[in-house]
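Treat the numbers as computed from the prediction; the structure is a model and nothing was measured. Each chain gets a letter, A, B and so on, in the order its sequence line appears, and its residues count up from 1.
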Amino acid sequence: MKIVSYNLNGIRARLPRLIEYLDEQKPAAVCLQELKCQDDAFPIEDIRAAGYEAVWHGQKGFNGVAILTPKAPATLRRMGLPGDPDDTHSRYIEAEVGDLVIASIYLPNGNPVGTEKFAYKLAWMDRLRAHALELLAEEKPVVLAGDWNVIPTDDPDDVYSARAMATDALAQPESRAALRRIVNLGFTDALRARYPKGALYTFWDYTAGAWQRDAGFRIDHFLLSPQAADRLADAGVDKEYRGREKASDHAPTWIDLTD
DNA sequence: ATGTCAATACAATATTGA
């Protein structure tokens with residue numbers, strides 16, 4: 001079963017891209033990020049016309065996450081991370097899909113470094129770590145999918161230029177350590193596990209011809225619990241969609257799990 | 001700093017957040 005993570009950068013602006021992706025790839029589940037729409041503006045009828053159902057958590061203007069599944073909606077487990085009742089950002093949704101627990105994650109960007117935004121990013125990652133530990137205790141196949149807004153290493157297979165990103169929140173040692181603290185609980189970074197070598201960029205900036213010169217980096221990740229990692233058959237990036245008309249700046253990223 | 005983009009407030013452009 002193909003499970004996809006796709007940061008759309010606006011579901012209304014990207015609706016043709018999303019519908020054609022569903023038609024062409026027929027994924028078993030799609031985790032969406034950056035809906036940039038309120039709950040009542042979510043285009044559920046268009047998604048139903050494509051044969052899919054959804055659970056979603058929108059927000060005016062920015063953020064917003066969803067999980068799409070064919071025919072029937074996933075069983076919602078939670079919207080939002082525990083640990084901060086004052087957090088108003090729509091960045092986390094978790095649902096059961098068959099015997100899987102799947103989360104769609106839109107981790108804070110955190111730029112610029114040294115501001116409240118960066119502190120929020122690190123605090124949010126610590127809340128995610130605490131929740132991920134609770135999920136592991138269930139001993140189920142768990143898939144944490146999304147835009148993690150962290151480039152895991154300075155390896156050219158993860159980032160086109162470590163130097164260009166050195167001062168960015170996505171590449172800070174603190175951001176990477178916070179990601180490692182989650183992985184090291186016992187999760188598998190599915191894409192790198194499947195392909196230890198080779199560029200696996202998932203994002204190319206709109207500016208400065210980044211796509212044309214392949215100046216990308218890897219920030220969309222799948223973290224798998226042991227029970228899910230046992231079923232990992234393949235993983236990849238549907239890079240071609242980044243080159244289409246009115247594309248998102250992210251490419252759909254996916255795993256294939258055995259049923 | 002940016003060869004960019006989407007949404008919003010507001011009513012043609014500026015701001016925010018990527």
Side-chain angles (χ1 to χ4, degrees), chain A residues 5-21 31-44 46-47 56-66 80 86-93 104-125 128 145-152 158-172 174-176 178-179 201-221 237 239 241-253:
Chain A
S5 180
Y6 194 2
N7 179 321
L8 285 175
N9 187 20
I11 194 169
R12 285 169 288 178
R14 224 63 69 197
L15 194 58
R17 291 287 78 76
L18 175 62
I19 298 301
E20 81 183 358
Y21 188 84
C31 297
L32 299 176
Q33 302 88 34
E34 279 207 87
L35 304 177
K36 293 187 173 181
C37 76
Q38 289 175 301
D39 282 339
D40 58 9
F42 186 83
I44 185 63
D46 299 272
I47 287 166
W56 65 94
H57 191 200
Q59 184 173 352
K60 189 177 188 175
F62 67 122
N63 299 331
V65 285
D86 296 329
D87 186 358
T88 57
H89 289 203
S90 297
R91 296 182 175 277
Y92 186 91
I93 190 168
S104 180
I105 291 166
Y106 179 46
L107 208 137
N109 174 295
N111 278 302
V113 173
T115 66
E116 282 188 5
K117 290 184 177 183
F118 191 62
Y120 173 67
K121 175 182 192 140
L122 296 181
W124 202 94
M125 292 184 82
L128 179 57
D147 175 2
W148 289 70
N149 266 318
V150 178
I151 303 167
D158 279 349
V159 56
Y160 74 102
S161 165
R163 186 178 169 185
M165 298 303 292
T167 61
D168 196 288
L170 281 58
Q172 292 312 295
E174 296 95 328
S175 308
R176 289 171 171 170
L179 176 62
Y201 302 160
T202 67
F203 171 93
W204 296 259
D205 200 281
Y206 287 122
T207 63
W211 168 247
Q212 288 75 10
R213 57 197 178 89
D214 198 27
F217 42 82
R218 185 169 81 95
I219 52 174
D220 298 275
H221 308 304
V237 182
K239 184 174 175 179
Y241 288 85
R242 177 61 181 83
R244 295 198 183 183
E245 270 314 291
K246 294 272 288 176
S248 170
D249 40 8
H250 294 250
T253 305

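Residue-level contact check: Gly209(A) touches neither bases nor backbone, having no heavy atom under 4.0 Å from any strand.
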Shorter than 3.5 Å, N or O on both sides, protein versus nucleotides 16-18 of chain B: list them out with atom names.
residue, atom, partner, partner atom, Å
dG17(B), OP2, Lys117(A), NZ, 3.2
dA18(B), O3', Glu34(A), OE2, 3.1

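Distances shown here put every side-chain N or O of Arg242(A) at or beyond 4.0 Å from the OP1 or OP2 atom of dT4(B). Taking side-chain N and O atoms only, Arg14(A) has a distance below 4.0 Å to OP1 or OP2 of dA6(B).
Scanning for side-chain hydrogen bond (donor to acceptor under 3.5 Å, both in side chains) contacts around Asn109(A) gives Asn111(A), with sequence neighbours left out. Scanning for side-chain hydrogen bond (donor to acceptor under 3.5 Å, both in side chains) contacts around Tyr21(A) gives Asp238(A), with sequence neighbours left out. Judged as a ring-ring contact (aromatic ring centres under 6.0 Å, His included), and not counting sequence neighbours, Phe118(A) has no contacts.
Asp220(A) and His250(A) share a side-chain donor-acceptor pair at under 3.5 Å. Under 3.5 Å, the side chains of Glu34(A) and Asn7(A) contain a donor-acceptor pair of N or O atoms.
The distance from atom CG of Asp40(A) to atom P of dA7(B) is 15 Å, rounded to the nearest whole Å. Between the C1' atom of dA6(B) and the CD atom of Gln33(A) lies a distance of 16 Å, rounded to the nearest Å. What separates NZ of Lys246(A) from P of dT4(B) is a distance of 14 Å, to the nearest Å. Rounded to whole angstrom, the span from the CZ atom of Arg17(A) across to the C1' atom of dC5(B) amounts to 15 Å. Between Gln59(A) atom CD and dT8(B) atom C1' the separation is 13 Å, expressed in whole Å.
Sorted by first then second residue, the salt bridge (Lys or Arg N to Asp or Glu O under 4.0 Å) pairs that include residues 6-16 of chain A, not counting sequence neighbours, number zero.
Exactly one of Trp204(A), Tyr201(A), Phe203(A) qualifies for a ring-ring contact (aromatic ring centres under 6.0 Å, His included) with Trp211(A). That residue is Trp204(A).
Atom name P, nucleotides dT2(B) and dT15(B): the rounded distance is 14 Å, in whole Å. Across the C1' atoms, dA11(B) and dA7(B) are found 16 Å apart, a figure rounded to whole Å.
Salt bridge status for Asp214(A) with Lys239(A): present, with a side-chain N to carboxylate O gap under 4.0 Å. One finds no salt bridge joining Lys121(A) and Glu174(A) here, because no Lys/Arg side-chain nitrogen approaches an Asp/Glu carboxylate oxygen to under 4.0 Å.
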With both pairing distances under 3.5 angstrom for Watson-Crick or G-U wobble, and | for a partner in another strand, the correct string for DNA chain B is ...((((((...))))))
